[in-house]
Every structure is written in C-alpha cells, then in structure tokens.
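See structure below.
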Amino acid sequence: MKTVCEKAREIPLVWEGDICVLGGSATGVFAAIRAARMGARVAIIERQNYFGGTATAGLVNIWHSMLDFDYKEQVIAGLSSEVINALEKEGQARVCQNRNVANRFNPIALVRQLDKMVQQEGIYTLFHTMYAGVDTDGDKVDCIFIQNKDGRGAIKAGFYVDATGDGDLLRDLKVPRYYNATVQPPTTAFLLNGETSGKVIEWAITNHGEEFGLDDDWGWFGPVPGLPGISFRADNHVFGMDLSKADDLTKAELEGRRRAFALEALLKKYVSPNYAIVNLCSAIGIRETAHYETRFKANADDLLLGKRYDDAILQGTYRTDIHHPDDNGITFKELDGSLDICYGKGERRIHGNWRKDLGLDDDYARYYQIPFSTLVLEKWENVIPAGRMINADEGAFGALRVMINTNQMGEAAGVACALCLDQNTSMQALDGRLVRAALRKGGSAL
Ligand SMILES: Cc1cc2nc3c(=O)[nH]c(=O)nc-3n(C[C@H](O)[C@H](O)[C@H](O)COP(=O)(O)OP(=O)(O)OC[C@H]3O[C@@H](n4cnc5c(N)ncnc54)[C@H](O)[C@@H]3O)c2cc1C
C-alpha cells in the first residue's frame, strides 16, 4: 500500500480525567458506571449517536439467563440485573426461565435507560466520536486521539478501557492478536411488523428463495416487549468477511441489507403484502473479529467443566454457540453435555453428548467462571480490554461472547481501573481477588 505523511499539528486536549472508556455498548457503559460509582472521573466516547452497541444499534434484544443451570441460584446480578429490572417495571422487558431466551427487552427502551444511567453518574460523554489513535510513554498510554465534528482532539486519562469490540486501541498498541479458526459470521437484524414462524420462512425460502437471491440459512426471531405485533429478526448471515477491515465492513453492510430487503420482498409477494421492515439495524451485528492475547486464554474445557477461580470476574451459564463461518449451521454445547448441530431454517438437528464423548459421567457444573487475568495484558500498565475481543478459544468464545457475559467483562474492567487508581498501581500488579470483592460489593453475584 502507498503511504503519505500527515503533518504534525497541535490539537486541543478535549478532556482530562481518571478513566476513558472507548466504545459505548453496555460493555463500555457498565465499565464507566462501575468506575464512576467508585468515585472516578470518567469519560466515554462512542462512534454512534447512542449507547448499547449490538443491543441497540444491532437490535439484538436478548440477555441470557442470570440463574444457574438448574434455575436455583442467581449467579449473575450487577448492572445487567439493574437494567433488566428497570425495563421490566416499565413493561419494556420480559423475564422467563429459559436459559436461551431469559431476558428479552425493547432495544429502543434500552437506549433511553442507558442514557439515563450514564447521565445520573455524571459521565462525560461524546457521541459521533471515533477513537482514532494513541500516544504512548514507556509501558503506558499517555493519551488517545479522537475524531469528531470538532476535528481531531486528545483525551488524557489515568486508565483506558478498550470496549470497541474489535479492540481498536489494542490493535494500535500492537498487542499480539489472532483469529480463531471459526470466525463467526455477522448478521443484519431488523424489526418486522408481523410474526412469521420458522416454518413460514423455511417454506418461503425453499420455494422462492432463489428468485430473491436467498439461500437456506439458520436464523432466529422473537417478540419485542413493549412493541406488540413487531418481531425481531436475525434471518441471515454474511459469510467470508473480516469486519474489522473497512472494505469488508462496507461490503457486509450492503450484502446484509440486500438480504434483509430480499426477505421482506419475498414475504410481501408470497406470504402477505402487509409485511414491512419497520426498523433496520443502524450497524450490522458483528459476532467476531480478532482476539488479543492477555495473561490467560479462556478455553472451552476449563469453561464448560466449570473450573473455579479465587479471582473470578464473570459467571455464566450460556452455552457454547458457534455460528459456522462457512455453512448455514450452528453448533451448541450445554454445560450438562448436550450437543446440537442445527442446519438451515428447517432446523435439521444432530444430537449428541460432548461429556459422554470425553468419557465423563460425573455431575456437571451449574455455571462457569473466568479469572481476572483473562482481561490483563502482558505489557500495557493502564489499559484493559472488555468485550468480544476477549482472549478465548473458539469454544470458550462461543459462550463468553453473549452480552450477559460481555456486560460483566465491562463491569470488571471499570472496577479494576478504579482500584488501580486508588492503589496507585498497574493493571498487572492488581490482585484479581480485590476486583472480585469490589464487584460483589457493587452488586455482582460473584
Ligand atoms: C445478530 C447477532 C445476534 C446475537 N444474538 C445475541 C443474543 O441473543 N444474546 C446475546 O447476549 N448476544 C448475542 N449476540 C452477541 C453479542 O451481541 C455480542 O457479542 C456483544 O454485543 C459484543 O459486545 P461488545 O461490547 O464487545 O461489542 P459491540 O456490541 O460491537 O460494541 C462495541 C461498541 O464500540 C463502538 N466502537 C467501535 N469502534 C469504535 C471506535 N473506534 N471509536 C468509538 N466507538 C467505537 C461501537 O459503535 C459499539 O457501540 C449476537 C450478535 C449478533 C451479531
């Protein structure tokens, strides 16, 4: 690639404070809120015009179960619980005892709820603002650069949380990164007026998909609390692209939207003329891009067998859920050993038991944990990642990638930054057991 040289210039220092959070999905927002509640001065920058990331801009409206596998003990609480309780009171969330659905909410109501919570905590916010570069001093980040309607600016903080999903700050810091063999494909989600069952879609696509350039894909859908008659649809995948790259991201947006509109046209023609997309995600939903190395790599064996840690910062029950990168299948593995592989809208299934395959017949774990070191980088003293860039093999990532888990990573990152500031120490020197204790004190079920 040819290069040009950008001239050095003075730029304004827009904000100075304790902690800067890059990216405003619930992961970033929860990091910011936790740190602010521990007394830190916090800023959050988000490239879109509202908080929530995939849950709002991507319209994905399910946070999975906060109970253990037997629905006996609450193993997740904290800010996820606070948000769902607030939305449920307003009729904007529905809670049920189903591990794979559990907490459905209205994504538009989540936008309002996150706005409210961030403002209540006095967190300095910049929307329409991209993280755009970094300056370092030894093993520390000195400041980050942002780009928005004011042009280029700088932010200086004691600590930085990278909650950009793709790990944009980690990329610029040249933290070692890797891609899993099964990079999960993205989906363009939308809200449709009217319900359609999987059977209707299967029939429509099998018989008329070719006419609209649609293949038999695996997707899911469901109601949206607070929006009667509207359903959430995640019916398509876009295969073979790396969405951390600008060109692929653009192509995937175009292809995802083409598929969404093609399905709408097909339903209008062959099922009912009344179907219409009433809300299209403002950003394609990205399941996975690069992962970055930290002190501990989460792995499927430890996770699904329920290994315990004194410095656990996350607990979960959601299954390993891997959307295949190259066909229309999904592989699910549950804590109790169930293994399902589903293909296409017709949900053709292969059943098995991964525990029996390993020769295990002891009791299964009711929930899993990951330790604090999963979030701790080897080098940068004042940076912590949180979110889907997590250091995890494909099986562990399949479970950890869901929001009930990324939310907890955010809370842990915020708490860790606040503790480091308090103790005047680096992320690497911080005792993870203190992070766990502070998370519990702030409402987590750890
Ligand atoms: C279609 C689909 C369905 C899914 N279904 C479920 C489900 O039912 N339940 C579930 O829990 N999970 C589900 N997932 C997975 C889950 O939604 C994601 O793994 C999770 O939301 C990732 O969170 P994150 O905070 O790491 O990243 P993101 O949600 O991608 O958030 C990153 C945030 O950072 C911002 N950002 C990025 N770069 C910059 C930058 N340079 N400067 C400033 N801001 C930036 C983005 O705008 C965004 O707000 C699904 C995912 C998809 C795509």
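Start at 1 and go down the list; that is how both ligands and their atoms are numbered. Quick note: residue numbers are just sequence positions, from 1.
With sequence neighbours excluded, no residue forms a ring pair (Phe, Tyr, Trp, His ring centres under 6.0 Å) with Phe221.
Using bins of under 30°, 30° to 60° and over 60° for the plane-to-plane angle, the ring pair Phe232/Trp220 lands in the tilted bin. Note: His291 and Phe397 have perpendicular aromatic rings, judged against thresholds of 30 and 60 degrees for the angle between ring planes. In this pair, Tyr364 and Phe69 present their aromatic rings perpendicular. The plane angle is above 60°, beyond the 30 to 60° band.
In terms of protein heavy-atom proximity, atom 39 (C) of ligand 1 is closest to Thr164 CG2, 3.8 Å. Atom 16 (C) of ligand 1 has as its closest protein heavy atom Arg401 O, 3.6 Å. For atom 42 (N) of ligand 1, the closest heavy atom belonging to the protein is Tyr131 N, 2.9 Å. Closest to atom 31 (O) of ligand 1 among all protein heavy atoms lies Ser25 CB, 3.3 Å. In terms of protein heavy-atom proximity, atom 2 (C) of ligand 1 is nearest to Arg287 NH2, 3.4 Å. In this structure, the protein non-hydrogen atom closest to atom 9 (N) of ligand 1 is Ile62 O, 2.9 Å. Looking only at heavy atoms of the protein, atom 41 (N) of ligand 1 is closest to Asp168 OD2, 2.9 Å. Looking from atom 48 (C) of ligand 1 to the surrounding protein, the closest heavy atom is Glu46 OE1, 3.5 Å.
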Ser244 and Arg171: CA distance, side-chain angles, deciding distance, side chain to side chain contact (heavy atoms under 4.5 Å, CB included) verdict: CA-CA 10 Å; Ser244 62; Arg171 176 201 60 206; over 6 Å; no
Salt bridge (Lys or Arg N to Asp or Glu O under 4.0 Å) evaluation trace for Glu378 with Arg295: CA-CA 6 Å; Glu378 211 47 73; Arg295 289 194 157 169; 3.3 Å; yes
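Looking at Thr164 and Asp166, their side chains never bring a donor and an acceptor atom within 3.5 Å of each other. In the model, Tyr309 has no side-chain atom that pairs as donor or acceptor with a side-chain atom of Thr374 under 3.5 Å.
The shortest N or O to N or O distance between Gly387 and ligand 1 is not under 3.5 Å. Taking only nitrogen or oxygen atoms, main chain and side chain alike, Thr27 reaches within less than 3.5 Å of ligand 1. Considering both main-chain and side-chain atoms, Met403 comes within under 3.5 Å of ligand 1 through a nitrogen or oxygen pair. The shortest N or O to N or O distance between Trp63 and ligand 1 is not below 3.5 Å.
A heavy-atom separation below 4.0 Å is found between Val60 and ligand 1. Ligand 1 is never approached by Asn61 to a heavy-atom distance shorter than 4.0 Å. Taking 4.0 Å as the cut-off, Ala163 counts as a neighbour of ligand 1 on heavy-atom distance. For the ligand labelled ligand 1, residue Tyr318 lies outside the 4.0 Å heavy-atom shell.
Taking every non-hydrogen atom of Arg388 and a distance limit under 4.0 Å, the qualifying atoms of ligand 1 come out as 22 (C), 26 (O), 27 (O), 30 (O). Close contacts of ligand 1 with Gly53, meaning ligand atoms under 4.0 Å from a residue heavy atom, involve 29 (O), 48 (C), 49 (O). Ligand-side atoms of ligand 1 in range of Thr54: 17 (O), 21 (O), 28 (P), 29 (O), 30 (O), range being under 4.0 angstrom from any heavy atom. Which parts of ligand 1 touch Gly285 is read off a 4.0 Å heavy-atom cut-off, strictly below it: atoms 53 (C). Each of the atoms 3 (C), 5 (N), 8 (O) of ligand 1 lies under 4.0 Å from some heavy atom of Trp220. Less than 4.0 angstrom separates some heavy atom of Gly165 from each of these atoms of ligand 1: 26 (O), 27 (O), 32 (C).
Only backbone heavy atoms of Ile286 (N, CA, C or O) come within less than 4.0 Å of ligand 1; its side chain stays farther off. Heavy atoms of His64 found under 4.0 angstrom from ligand 1 belong exclusively to the side chain. Contacts with ligand 1 closer than 4.0 Å are made by backbone heavy atoms (N, CA, C, O) of Thr129 only, the side chain lying farther away.
In this structure a side-chain-to-backbone donor-acceptor pair under 3.5 Å is missing from Asp135 to Asp137.
Residues in residues 256-265 take part in these salt bridge (charged side-chain N to carboxylate O under 4.0 Å, His left out) pairs, two or more places apart or across chains: Asp215-Arg259, Glu253-Arg257, Glu255-Arg258, Glu255-Arg259.
The residues Arg388 and Glu288 are annotated as not salt-bridged, no charged nitrogen and carboxylate oxygen being separated by less than 4.0 angstrom. With respect to the salt-bridge test (charged N to carboxylate O, under 4.0 angstrom), the residues Asp18 and Arg41 qualify. Note on Arg94 versus Glu88: no salt bridge recorded, every NZ/NE/NH1/NH2 to OD/OE distance being 4.0 Å or above. For the pair Lys333 and Asp340, the salt-bridge criterion is not met [side-chain N within less than 4.0 Å of a carboxylate O]. At a threshold of 4.0 Å, the pair Lys156-Glu16 does not count as salt-bridged, since none of the basic side-chain nitrogens sits closer than that to a carboxylate oxygen.
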